[in-house]
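Down below is the structure, laid out as structure tokens.
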Amino acid sequence: MRWIKELFLYLVSFIMLAPFVWLIIASFKTNRELFAEPFGLPENWMFDNYIAVMTRHPVTTYFLNSVIVSVVSTLLALLLATLASYIFTYTFRWRSYWQLLLVGGILVPTNAFMVPYYFIVKWIGFYDSLFGIALVYAGISLPLSVLIIKNYMNTIPPELSEAAFIDGAGVHRTFTRIILPLSCPGVVTASIFLMVTAWNELMYANLLTQSEGTRTLQVAIRFFLTTFQANYPQAFAAMILAIVPSIVIYALLSEKIIGGLTAGAVK
Amino acid sequence: MIAKRHIVLYLMPAVIFTLLFFVFPLIFAGYISLQQWNGINEMVYAGLDNFKLVFQDPVFIKAVINTLLWVAGAVLLHIPFGLLLALLLARQPRGWKVFRVLFVLPNVISTTAIAFLWYFVLHVNLGLVNNILKLMGLGALARPWLADLKTALFAHQLPFIIYAGLTMVVFLTRISAIPAELNEAAKIEGATNWQKDWYITIPLVKDAVLINIILNLAFCLRMFEYPLLMTGGGPANETVNLGLYMFKEMIIANRYGVSMAAGLMTIAVGAVVTGTTLALSCIMDRRNGI
């Protein structure tokens, strides 16, 4: 009985991961080798495909664009969400309605706002700029970041801020000295979630940019499909260059990332 | 108690963003859906014409059905598969931590990349699937999976169904919160592993099922990359879903009003399916006397 279960787990791993292995091997082949023997190992392991991609396409620019968009949108959403979550630890009039307003967006499928987002970004003058994309990502992810951070702040004992109040700390001081340092784990969780979603988003990155200089990696992957129509191994190499950063970071921080991705769900 | 100016100071930035990215877009989308507009010329008031148009458009109907089939794929295949993996890993077999990390890996890679990868996995000549079939002597089954009317829909959903790592982790987190005494008691009573799963674990992870349905529902309603990159909505609009329909109406047909009429319908479909799920879970809870 036990070996059937283990076999099943190995089989599932194989089905999930074989495509990636196949892609890596194929990226070292020539086009002719690939068509002649899709499964065979390349005759000699050559980096020509990778060199060709790196010289013909500004892969580093795409990569940096993705980094900038993810970091800026994450910082922006974190700033707005921590400020709002902090004030929700106090009681004031209509607090639950304000919470509902800020968190309710979770249930909205935001790709229904294609046209409005396109024009909002155009009107405020950030069309075809990295900041425009970051702004939209921060807006889209705000409800979930508020939810994650607010839930975390709720677990901090209120006695701590009461003690700070008695010692004479004002609202700002309590925030910067007590609540913010203590909610670090919650903020980290939210930022992992924000980074991963921002890094992987395609539609708005595609819709809100036009020129090659503002392409993120995901938009670039989309163009690889059409540009390399005749030379698949090169397309594979481009693709691997695009996914390696995610895999490396995941390999280093897998536990934290798994925790961050499921944080919105567990509460 | 807290001064009003502090509330305003801390709350306003987030409220402004919410107004800009949720409240205003909803109103604006509603307004555009009543106009005939190509994004450049003057808007012309069209009343409910855009809605009439989408409801008479067989492609839109197909898109709604396909979006619901994405949800069905999530509920009937993706989530049960994730639960099965979670149940197997919850018994902590040899190397379960490695399996857990490996199963979640595809969820960290962008859907764009996965779509691109599976486009080639299912490719007619090069594809992994067809070549494995040929190796096993089943070459007759090989076909252009993504271009065949009969298989395109299922084939382009396949990566989503298989990559259930995140769903699995949500279940695992819930399972690890089940008190060990329950399983020990069952063990003393002589229950087999499968009986323990069926009578103890599965009833106790019901709220995780609900969470997974809601999470995957959001994913399915946002789904855009797989149809766009793997099939382009084809063959013959067989795989068009609401996300792609809106995108095509906006970018290719330049019918912004029609696009937003479809957008509002997407929000409505989401609201209806979420509402139904929540209502069903309430009814089931009441039946079980919880």
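Proteins get letters first, then strands, A, B, ... in listed order; numbering begins at 1 in each.
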Distance-minimising heavy-atom pair for [X] and [Y]:
X        : Y        : value
A:Pro19  : B:Leu117 : O-CD1, 3.6 Å
A:His172 : B:Leu9   : CE1-CD2, 3.6 Å
A:Phe8   : B:Leu88  : CD2-CD1, 3.3 Å
A:Phe20  : B:Ile114 : CZ-CD1, 3.7 Å
A:Leu80  : B:Pro13  : CD2-CB, 3.2 Å
A:Pro109 : B:Leu221 : CB-CB, 4.0 Å

Find the one option among [options] whose heavy-atom pairs under 4.5 Å with chain B are most numerous.
options                                : answer
A:Ser246, A:Ala138, A:Ser13            : A:Ser13
A:Ile15, A:Thr197, A:Val196, A:Leu102  : A:Leu102
A:Val146, A:Leu101, A:Ile106           : A:Leu101
A:Thr82, A:Val108, A:Leu135, A:Leu79   : A:Leu135
A:Leu107, A:Val12, A:Leu23             : A:Val12
A:Thr110, A:Asn206, A:Ile243, A:Ile120 : A:Ile120

Looking at [X], I'd like to know if its [atom1] atom is crowded, meaning that more than 12 non-hydrogen atoms belonging to other residues, nucleotides or ligands lie closer than 6.0 Å.
X        : atom1 : value
A:Phe165 : CZ    : no
A:Trp22  : CH2   : yes
B:Gln36  : CD    : no
A:Trp123 : CH2   : yes
B:Arg91  : CZ    : yes

Proximity breakdown for [X] and chain B, heavy-atom pairs closer than 4.5 Å:
X        : result
A:Ala26  : neither
A:Ile221 : both
A:Val219 : neither
A:Pro245 : neither

Selection from [options] maximising heavy-atom pairs under 4.5 Å formed with chain A:
options                                : value
B:Asn131, B:Leu229, B:Val169, B:Leu126 : B:Leu126
B:Met250, B:Met12, B:Met265            : B:Met250
B:Tyr31, B:Trp96, B:Phe116, B:Phe81    : B:Phe116
B:Leu128, B:Val121, B:Ile7             : B:Leu128
B:Arg222, B:His6, B:His123             : B:His6

With a 4.5 angstrom heavy-atom cut-off, is it the side chain or the backbone of [X] that approaches chain A, or both, or neither?
X        : result
B:Ala164 : backbone
B:Thr274 : side chain
B:Val269 : neither
B:Ile132 : both
B:Phe224 : side chain
B:Pro93  : side chain
B:Asp207 : neither
B:Arg174 : neither
B:Trp118 : side chain
B:Phe247 : both
B:Leu210 : neither
B:Ala113 : both
B:Phe120 : both

With side-chain contact (heavy atoms from CB on, under 4.5 Å) as the criterion, how do B:Leu242 and A:Asn111 come out once you've worked through the C-alpha distance, each side chain's angles and the decisive distance to 0.1 Å? CA-CA 9 Å; B:Leu242 281 169; A:Asn111 61 3; over 6 Å; no
Minimum side-chain heavy-atom gap [X]-[Y] below 4.5 Å:
X        : Y        : answer
B:Leu228 : A:Leu202 : yes
B:Leu102 : A:Met16  : no
B:Ser110 : A:Trp199 : no
B:Val108 : A:Ile249 : no
A:Tyr90  : B:Tyr10  : no

For the atom pair [atom1] ([X]) and [atom2] ([Y]), what is the distance rounded to the nearest 0.5 Å?
X        : Y        : atom1 : atom2 : value
A:Leu34  : B:Asn125 : CG    : CG    : 10.0 Å
B:Leu105 : A:Ile247 : CG    : CD1   : 5.5 Å
B:Leu11  : A:Gln99  : CG    : CD    : 9.5 Å
A:Met203 : B:Thr112 : CE    : OG1   : 11.5 Å
B:Asn107 : A:Tyr250 : CG    : OH    : 8.0 Å
A:Met114 : B:Met260 : CE    : CE    : 6.5 Å

Using the side-chain contact (heavy atoms from CB on, under 4.5 Å) rule, take B:Glu225 and A:Gln218 through it: C-alpha gap first, then chi angles, then the decisive distance, then the call. CA-CA 10 Å; B:Glu225 290 90 344; A:Gln218 309 312 323; over 6 Å; no
Donor-acceptor contacts under 3.5 Å from residues 254-261 of chain A side chains, at least two apart:
| unit_1 | atom_1 | unit_2 | atom_2 | d |
| --- | --- | --- | --- | --- |
| A:Glu255 | OE1 | B:Arg100 | NH1 | 3.3 |
| A:Glu255 | OE1 | B:Arg100 | NH2 | 3.4 |
| A:Glu255 | OE2 | B:Arg100 | NH1 | 3.0 |

Those residues of residues 14-22 of chain B that come under 4.5 Å of chain A on a heavy-atom basis, listed by number, are B:Ala14, B:Val15, B:Phe17, B:Thr18, B:Leu20, B:Phe21, B:Phe22
Name the orientation class of the two ring planes belonging to A:Phe119 and B:Phe28 (parallel below 30°, tilted from 30 to 60°, perpendicular beyond 60°). perpendicular
